[in-house]
Amino acid sequence: MKKILVLTDFSASSYNAAQYANVLASQRGTSILLYNTVESIPIVPNYAGGGFVTETENLFAEESFGQLTQVRNSLLARQGKGPIIEILIGEGDLGSNIKKLLNEQAIELIVMGAPQGSLINHLLTGSETRSVIKSANRPVLIIPGDKPIKPFNNFVLATDYRSADLCALRYLSAWIAVIGGRLDVVHIQTSDEVPQLTAQQRQVFELFLNNLSFNNFQCHDLQGKDILERLDRFCQDKKADVLAMINYHHDFFSRLLGNSQTFKELRHLQLLMLVFPGNFNDETTA
């Protein structure tokens, strides 16, 4: 059975993300793996006494296990017949642990929380979030910490119409077809930017979508002075619940975020954000 990996540090935002994952796992027929990483324990010099490192490491692991168990029990108490929920503890660097987990477990999606406030700002400053996105070859769903738990049906995929984006498109369309949602595919180009989109690229996308067993979609080609501001306005107009984007080793983020003079336009944008890694292959999640 496929799994949704839920990263938790036992904060309010990560618990909110776990609740979202619980609902999502029920929809998608997957199980949940609750995961926490404990700090690496430094080596203590011999003169400090024997056994300290092992005892401290065990203490941290026991505390983490107890908190993970509490989160699992809380999620189980909220559901009738819901998804299977497993718990696992890691130790050390989160990014390295994510790579190892994805190689060993049948994980199709990673879910994590973000602090209250601008999600875009968090993507710039949240070192753990960036580490997860950089290390993962699966989609990462980031949940704003204060986002009320509710169904999400309307998705916006921001794209440059690259052929590699078709994997993300196929994954999203299959997801949305199950829940009966809507997908808006949008390409935004600034007025001073050299055009990158060709008619052939657009036709490939539309042909691909037309051949899927899913028809509730629309493609949009837009222009704006500022990509962030225009994307913000588009998401509001479409009443989007989830903003999806593809990260080509910071290429997309550099284009999206680096060209913006200010992030104030997006401080109120409290969408779920789904980030696809540039090397994502949806066939590995089938």
Test log, rule side chain to side chain contact (heavy atoms under 4.5 Å, CB included), inputs L157 and L169: CA-CA 8 Å; L157 172 63; L169 188 60; 3.9 Å; yes

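- Listed here is the closest heavy atom pair of A244 and F276: CB-CE1, 4.1 Å.
- Partners of Q19 under the side chain to side chain contact (heavy atoms under 4.5 Å, CB included) rule, at least two apart in sequence or in another chain, are Y15, N16, L75, R78, I149.
- Ring geometry, F152 versus Y20: the interplanar angle falls from 30° to 60°, so the pair is classed tilted.
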Go through T37 and D9 one step at a time and tell me if the side chain to side chain contact (heavy atoms under 4.5 Å, CB included) criterion holds. CA-CA 8 Å; T37 299; D9 58 4; over 6 Å; no

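- A salt bridge links E108 with R28: the closest approach of a Lys/Arg side-chain nitrogen to an acidic carboxylate oxygen falls below 4.0 angstrom.
- The aromatic rings of Y171 and W175 stand perpendicular to each other, their planes meeting at an angle above 60°, with 30° marking the opposite boundary.
- With hydrogens and angles disregarded, no donor-acceptor distance shorter than 3.5 Å links the side chain of R72 to the backbone of L34.
- Taking the side chain as every heavy atom from C-beta outward, L271 and V242 never approach each other to under 4.5 Å.
- Residues K239 and N154 come closest through the heavy atom pair O-ND2, 3.3 Å.
- The closest side-chain heavy-atom distance from L7 to V111 is not below 4.5 Å.
- Qualifying side chain to side chain contact (heavy atoms under 4.5 Å, CB included) partners for K238, counting only residues two or more places apart in sequence or in other chains: R182, D184, Q218, H220, F234.
- The side chain to side chain contact (heavy atoms under 4.5 Å, CB included) search around A136 returns I98, L102, I110, V140, not counting sequence neighbours.
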